[in-house]
Colleague: 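Quick one: the structure is below, and I'll ask about it shortly.
Residue numbering restarts at 1 for every chain, and letters A, B, ... go by the order of the sequence lines. Predicted model only: the values in this text are computed from it and were never measured.
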Amino acid sequence: MISTQNTDIIPENWYNVVPDLPEPLPPPRDNDLHKSSIELLNRILPKKVIEQEFTFRKYEKIPDEVMELYEQIGRPTPLVRARNLEKYLDYKGKIFYKFEGATVTGSHKINTAIPQAYYAASEGIQEVTTETGAGQWGTATALASSMNGMKSKVFMVNVSYRQKPLRKTVMNLYGAEVIPSPSTITETGRKFLSQSPDHPGSLGIAISEAVEYALDNDIRYLLGSVMNSVITHQSIIGLETQKQLEIMGEEADVLIGCVGGGSNFGGFIFPLMRDGRERTIISSTAREVPKFSKGKYRYDYVDNAGILPSIKMYSLGSDFVPESIYAGGLRYHGASPSLSLLVKNGIVKSEEVGEKQVIDALRIFANTQGIVAAPESGHAIASTIEYVKSNHDEKKTIVVNVSGHGLLDMSIFAGE
Amino acid sequence: MELGYPSRRAYYDGPRIRETHEAGVVNFNETSIEKLSASLKRKAEKIYLLAYHDDFLENREKIYGILKRCGFSGLIIPDLLTDFYDENEDIIREIQGSGYEYIPFFNPSSPDRVIRNVSKISNSWVYYGLMPSTGINVPYSQDAVVSRINSILVDREINFGFGIRSVDDVRKLVSYGAHGAAIGTLLITMLEKHDIDGFRQFINDLVVMRNA
Ligand SMILES: Cc1ncc(COP(=O)(O)O)c(C=O)c1O
């Protein structure tokens, strides 16, 4: 025994939704018909991750070593009834929140960083690289790499690098080297810097830089969101939630979460959808990044330079430059193919929330439940409050996924 | 035997087969496909045409004409069940209504219920891609892939393709219960290198294996 956490709640297997989807998932496509960018994945991703990306298996055993690390970083995370929020809203139903901010790095991102780093280290790899926008993913990568005995290099979007010095400090503490993107160490970075020496950077550019760096140095690249394998790892959120609801004798009628690339949301809802029960499922995106309402469902680039294969998803275009909102994790131009398919089919509803509404929701949640949630998660909380207000007399059980804490994003309240 | 209708959008083929499409687009004419299919028909029991969705829709009459004149048994549309899923029922009914087999093409990412539903409305054998595209290597266990599709489609003839690299691969697939295997990239690479002996040897080995 290594903790008094109730580890029975941690599932033995991850769940992969692809074989259970109502329609086939359009596979990735090469951007250039003369080259195989899919084949390129073989050079930058751990073998096991590629296998999980394309597998037909619904369940994937969580390796023992990963299980142990999950426990070390605070899994299972709590599922808590938000009694004070219910009272504040005078709601007759119930509101539960799953709190991924309780992990040591402060968000769900560690759930996939650990297995990806583990698989890379098992192949004898000594260094990994990735990009980060708001910093949550870079933080998770930094810790997961150190825990698996590897170095890490994180390309951080330049604006965040300047606005969030504490994030860089945390990543450094965890052992990562953090480089503002665009940088001078990749061709992609140099190209953008030559256009504008003070380039603010974007997630798409940082992804291209990390992938290029991985290819040039024969190391591995960790995927932060969007891809099937990542969502499979994140299914731990929904699988735990399901067991926790069972223990409490509850059933979820309404599921709510926020969407950047779709990983916390997919990981949360997919396992809970397995029973086929009718329920309301709401994805909350940033009004400033209206991917589901203004984006098109089509094949598009994952990264700016088009190094990775294209995937079919709702997208605002890989060259979309979002407003600089606090919820940096929601600024990505697209959303995972599996989630996009369910939005297209109307199985998942989408809602957009503006920053002002998010700040109000964060304040209410802090005030009632004591949790300073991440700005990204603030979208899910705002949608929850909105749902309760518009369905006030219903007696439903709402479960909202609070993907992270916001203790390093307090500047969102500075102007208040 | 499978012949490809040349396409500029051969997305689900790997780089090698895409090159053959490119050459095909430039050199294609109906006489050449007639000649080719006539000689293939002397060797193969049945021949099938593979055409991508957009090419099929844009050249429907022409393609039906080719199917008829050349004696093709049916049609494979590799992107129908992914990018044009909404249209699948209409197109399948149309092809079957015109007297041709429609060959469903599935891969490991095809959901179970899609495999079941599409197989129900079609009555031919099934083409199962071992990979999401030809010409690339995604690690997988042949054994598990074959038993998955066999467990969903009991008593259906299933032929496998994508990523088959040796006679040994074919032998293993057959031992797991495959009815047949489609080989593309491997042979094209041999032909490109003018490795006619290797090509003959490979075909010979296959025949020996089949007769064993
Ligand atoms: C706390 C938090 N929530 C949500 C997201 C959005 O990502 P995803 O949609 O992949 O969960 C991020 C991304 O950085 C995040 O840090």
Side-chain angles (χ1 to χ4, degrees), chain A residues 16-43 45-61 119 123 227-229 232 270 273-274 276 297-299 309-313 337-338 340-342 344-345, chain B residues 7-22 25 53 78-88 104-118 128-141 144-152 162-163 185:
Chain A
N16 165 30
V17 74
V18 175
D20 279 339
L21 287 172
E23 282 181 30
L25 198 63
R29 262 186 196 175
D30 288 335
N31 299 318
D32 175 347
L33 285 177
H34 296 268
K35 281 191 289 203
S36 176
S37 44
I38 305 175
E39 180 69 29
L40 197 102
L41 298 179
N42 272 323
R43 288 171 51 201
L45 302 183
K47 287 270 169 298
K48 196 70 196 171
V49 173
I50 299 187
E51 197 186 315
Q52 290 171 351
E53 189 59 38
F54 295 108
T55 186
F56 60 86
R57 276 194 296 272
K58 288 183 196 168
Y59 295 95
E60 198 69 43
K61 170 134 181 31
Y119 291 131
E123 288 177 7
M227 306 308 276
N228 298 327
S229 47
T232 296
F270 293 156
M273 288 171 65
R274 283 175 304 172
Y297 183 60
R298 54 157 185 195
Y299 273 97
S310 287
I311 52 177
K312 197 162 183 181
M313 60 181 172
S338 50
S340 292
L341 197 112
L342 296 182
K344 182 192 73 139
N345 285 356
Chain B
S7 178
R8 288 201 164 78
R9 301 158 278 225
Y11 296 114
Y12 299 119
D13 282 298
R16 270 280 128 72
I17 305 283
R18 285 197 297 246
E19 281 164 20
T20 70
H21 274 280
E22 267 175 28
V25 167
H53 171 274
D79 52 349
L80 178 62
L81 298 180
T82 47
D83 292 334
F84 305 96
Y85 187 69
D86 296 344
E87 303 168 30
N88 87 75
F105 175 76
F106 302 122
N107 68 35
S109 300
S110 312
D112 297 6
R113 88 181 83 166
V114 168
I115 297 180
R116 280 198 193 94
N117 292 348
V118 173
Y128 194 80
L130 298 159
M131 307 259 168
S133 156
T134 65
I136 56 159
N137 273 314
V138 174
Y140 70 103
S141 136
V145 171
V146 179
S147 47
R148 182 243 180 166
I149 185 75
N150 278 341
S151 70
I152 302 178
F162 286 25
T185 299

Colleague: Are B/R18 and A/D30 packed together at the side-chain level, in the sense that at least one heavy-atom pair is separated by less than 4.5 angstrom?
Modeller: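 Heavy-atom side-chain distance check passes, below 4.5 Å.
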
Colleague: What is the distance from atom CG of A/N345 to atom CG of B/D86, rounded to the nearest 0.5 Å?
Modeller: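 Interatomic distance, A/N345 CG to B/D86 CG, rounded to 0.5 Å: 8.0 Å.
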
Colleague: Taking all atoms of both residues into account, what is the closest heavy-atom pair of B/T82 and A/L25, and its distance?
Modeller: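 It is CG2-O, 4.4 Å.
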
Colleague: Can you tell which part of B/E19 gets under 4.5 Å to a heavy atom of chain A, answering side chain, backbone, both or neither?
Modeller: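 For B/E19, neither part sits under 4.5 Å from chain A.
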
Colleague: Side chain, backbone, both or neither: which part of A/K48 has an atom under 4.5 Å from a heavy atom of chain B?
Modeller: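 For A/K48, neither part sits under 4.5 Å from chain B.
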
Colleague: At a 4.5 Å cut-off on heavy atoms, which part of B/N88 comes close to chain A: side chain, backbone, both, or neither?
Modeller: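 It is neither, since no heavy atom gets under 4.5 Å.
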
Colleague: So B/Y85 and A/P24, do their side chains get closer than 4.5 Å, heavy atoms only?
Modeller: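 Yes. Closest side-chain heavy atoms under 4.5 Å.
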
Colleague: Looking at A/R29 and B/D83, does any basic side-chain N land under 4.0 Å from a carboxylate oxygen?
Modeller: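 Yes.
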
Colleague: As an exercise, state the distance from CG of B/D112 to NZ of A/K58, rounded to the nearest 0.5 Å.
Modeller: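 Taking CG in B/D112 and NZ in A/K58, the distance rounds to 4.0 Å.
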
Colleague: Rounded to the nearest 0.5 Å, what's the gap from CZ on B/F106 to CZ on A/F56? Could you check?
Modeller: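 Going from the CZ atom of B/F106 to the CZ atom of A/F56 covers 15.0 Å.
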
Colleague: Please identify, among B/N117, B/V114, B/I115, the residue contributing the most non-hydrogen atom pairs under 4.5 Å to chain A.
Modeller: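 Most heavy-atom pairs within the cutoff with chain A belong to B/V114.
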
Colleague: For B/R8, look at atom CZ and say whether over 12 heavy atoms of other residues, nucleotides or ligands are found less than 6.0 Å away.
Modeller: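 Check fails, neighbour count at 12 or below.
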
Colleague: Check each atom of A/K47 against the heavy atoms of chain B and say whether the ones under 4.5 Å are side chain, backbone, both or neither.
Modeller: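 Contact with chain B involves both backbone and side-chain atoms of A/K47.
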
Colleague: B/A144 and A/R57: which non-hydrogen atoms are nearest, and at how many Å?
Modeller: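 For B/A144 and A/R57, the tightest heavy-atom pair comes out as CB-NH1, 4.3 Å.
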
